[in-house]
Amino acid sequence: MSNQSGFQDAPPDDRSGFTEDQESAIRILANSLHRLNDAVVKAVEAGVTVELMRTARYHNATGNWGDQLTPVIRSK
C-alpha cells in the first residue's frame, strides 16, 4: 500500500508476539515517525538541509533502549 508521501508501508506481522500495550506504543511511534518524515520533506522543500543525529540513548530498567534524536538544520 503506497501513500502520498512516497513511502511504502510495511506489511503487518501477524506473528509479532507483542502485547497489546506494546502494539499500541509501536503504532504511536510509527505515526509520530510518519509526521516527522513529512516535516523533514517540507523543510527540505522550503530550502534547508535536515540531519537527524542521535544525541542520547534512553534505557529502562529491563534492558530495553531507544535512541533520542536532535535535528541539525543548515541553510544553503
Side-chain angles (χ1 to χ4, degrees):
M1 174 179 175
S2 294
N3 57 42
Q4 293 179 350
S5 67
F7 296 98
Q8 188 172 10
D9 296 330
D13 182 2
D14 295 332
R15 305 162 310 204
S16 69
F18 292 117
T19 67
E20 204 171 300
D21 286 343
Q22 289 170 330
E23 289 283 352
S24 176
I26 291 166
R27 279 192 303 276
I28 291 168
L29 176 63
N31 289 336
S32 296
L33 287 173
H34 178 72
R35 286 192 303 275
L36 173 63
N37 286 331
D38 284 343
V40 168
V41 169
K42 288 177 184 174
V44 170
E45 292 297 325
V48 297
T49 297
V50 179
E51 178 182 3
L52 299 176
M53 294 184 61
R54 181 179 73 200
T55 53
R57 183 167 276 170
Y58 174 79
H59 294 265
N60 69 359
T62 61
N64 302 84
W65 56 268
D67 290 339
Q68 303 288 294
L69 304 175
T70 298
V72 177
I73 309 295
R74 295 181 180 93
S75 63
K76 290 183 181 180

- Query: With a 3.5 Å cut-off and no angle check, do the side chains of Thr19 and Asp21 form a donor-acceptor pair?
  - Reply: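 There is no such pair between these side chains.
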
- Considering all heavy atoms, the nearest Leu69-Thr55 contact: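 Answer, listing the atom of Leu69 first, then Thr55: C-OG1, 4.1 Å.
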
How far does [atom1] of [X] sit from [atom2] of [Y], to the nearest 0.5 angstrom?
X: Asn37; Y: Ser32; atom1: CG; atom2: OG; value: 11.0 Å
X: Ile73; Y: Leu52; atom1: CD1; atom2: CG; value: 7.5 Å
X: Asp67; Y: Met53; atom1: CG; atom2: CE; value: 12.0 Å

- Among Asn31, Ile26, Leu33, find the residue that satisfies the side-chain contact (heavy atoms from CB on, under 4.5 Å) test when tested with Leu29.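 For Leu29, the side-chain contact (heavy atoms from CB on, under 4.5 Å) test succeeds with only one of Asn31, Ile26, Leu33, which is Leu33.
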
- Message: Would a single hydrophobic cluster contain both Val41 and Val48, if residues Ile, Leu, Val, Met, Phe, Trp and Tyr are joined by side-chain heavy-atom contacts under 4.5 Å?
- Response: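 Looking at the clustering, Val41 is in a separate group from Val48.
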
